[in-house]
Amino acid sequence: MSWQDDYNRRMMNTFGTPKVELVRGEGCTVFDSDGKRYLDFLGGIAVNSLGHNHPAVVGALTSQANLLHVSNFFATEPQLALAERLLRISGAGEEGRVFFANSGTEANEAAVKLARRTGRPRILSLKDSFHGRSIGALSITGKAALREPFEPLMPNVDIIDTTIEALAAAIGPDVAALFVEPIKGEAGVQPLPEGYLEAARELTTQHGVLLIVDEIQTGAGRTGRWFGFQESGIVPDAITLAKGIGGGVPIGALVTFGAASALLQPGQHGTTFGGNPLVCAVSNAVLTQIESDDLVANSAARGAQLRAAIEAIGSPLVSELRGRGLLIGIGLSQPVAQQVVAVALDHGLIVNAPNESTVRLAPPLIIGDAEITEFIDTFSAVLNAVLNDAPTEAS
Ligand SMILES: *Cc1c(COP(=O)(O)O)cnc(C)c1O
């Protein structure tokens, strides 16, 4: 396996050595360097909204090839069109504004700077949350294992329990912002408690605190709405976007609502690549296709269909199904998620394990009956193989 040797010799050891080298994709499938086919039910971690090699993406990439990048000294039509679309589908509308970045981490970094502009020192975020890897975004990330190797981080961040009581106890006139994910993807697809966002909106409004919703994993139709917060009917002060809005090109965005749109002043934030015409043209094509093919509704319907079919497998390994639309966390009755992922890969199925007892599914939004049937056939076989292999629980 010489590519693995190359990987270990050349790549910094931050991800571990991959088991497979991928060479091409088509729809909901990818192929490795040995020609083996895989059903892709992870979609590059909720990124490949239209799957692989979609004609709309290929078309946008090729037609924008004559103007890839110009710097933010200049306006471009793809950037303005994408901003218009994001303001429309988010509901931020004419009072809203967009700042483009290159990743989810950077979108949250911009949001942290937005929060700083309130003049208030403290930021609240939730236990087990994930907001990115830069020092700023990591400082508001609630996963201790990710934070601890890099302390001291940014001060004045309080990481609180995901309860309204904890928020009510922590909030006050010195708090600038509360960051929340509608569903904590990296924590194992953990939705917020029923009514949390509504109550958080009330409390943050009372105390003049920005409510910033991290929609990086839940956005772009993933949960059966354009954005996860829309399930609750609240209006946030800002949302952060990345992953699925780009369909595979690196893009991030901070979208502000209402008064928050005026917090960042000229010269206070910037980026070289952010919002360049290449990524904006592709993102626009992705969102246009999601809209014209009604893939937000497909996400809701196929998500429900998939959940029902997973339940119908009736495996004792599956103890719980979490998430909405096509962001699904399969809770396992034993801590064997890594084995499930490895056996699935052997069986030609790509899924992942955000923690040891959760398998995450985030397939392309274009999946239909054929993909679901193939997934269920393969996944049943995988669960059986793992069950037969797993050590029996000590009683
Ligand atoms: C992936 C993710 C991020 C970080 O995005 P990157 O593009 O990896 O920097 C932040 N927040 C959430 C909820 C995510 O899922």
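As the structure lists them, so they are numbered: ligands from 1, and atoms in each ligand from 1.
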* Asked: Do any nitrogen or oxygen atoms of Glu181 come within less than 3.5 Å of a nitrogen or oxygen of ligand 1?
  -> no
* To do: Can you tell me which residue pairs pass the side chain to side chain donor-acceptor pair (under 3.5 Å) test with a partner in residues 42-60, sequence neighbours excluded?
  => Glu26-Asn53, Asp40-His52
* **Aromatic plane relationship, Phe375 with Phe41 - under 30° parallel, 30 to 60° tilted, over 60° perpendicular** => parallel
* For ligand 1, which part of Thr105 has a heavy atom less than 4.0 Å away: the side chain, the backbone, both, or neither? -> both
* Asked: Among side-chain atoms of Arg85 and Ser283, is any donor-acceptor pair under 3.5 angstrom?
  -> no
* **Option from Glu202, His207, Arg201 for which side chain to side chain donor-acceptor pair (under 3.5 Å) with Thr205 holds** => Arg201
* **Closest to atom 14 (C) of ligand 1 (judged by heavy-atom distance), picking from Lys243, Glu186, Lys184** => Lys243
* Asked: In the protein, what heavy atom is nearest to atom 3 (C) of ligand 1, and what distance, to one decimal place, separates them?
  -> Phe130 CE2, 3.6 Å
* Asked: Got the closest protein heavy atom to atom 5 (O) of ligand 1, with its distance?
  -> Gly104 CA, 3.3 Å
* Structure fact -> With heavy atoms and a 4.0 Å threshold, my read on which part of Asn108 contacts ligand 1 is side chain
* Return each pair, listed once, that meets ring pair (Phe, Tyr, Trp, His ring centres under 6.0 Å) where at least one residue sits in residues 281-334; pairs must be two or more places apart or across chains. => none
* Asked: By number and element, which atoms of ligand 1 are closer than 4.0 Å to a non-hydrogen atom of Ser103?
  -> 7 (O), 9 (O)
* For ligand 1, does Glu106 get within less than 4.0 Å through its side chain, its backbone, both, or neither, judged by non-hydrogen atoms? -> neither
* To do: Hey, could you give me the CG/OG1 distance between Asp214 and Thr141, rounded to the nearest 0.5 Å?
  => 8.5 Å
* To do: Taking only Lys NZ, Arg NE, NH1 and NH2, and the carboxylate oxygens of Asp or Glu, determine whether Glu181 and Lys143 approach each other closer than 4.0 Å.
  => no
* **Nearest non-hydrogen protein atom, atom 11 (N) of ligand 1** => Asp214 OD2, 2.8 Å
* Does the N or O separation between Ala242 and ligand 1 drop below 3.5 Å for any pair? -> no
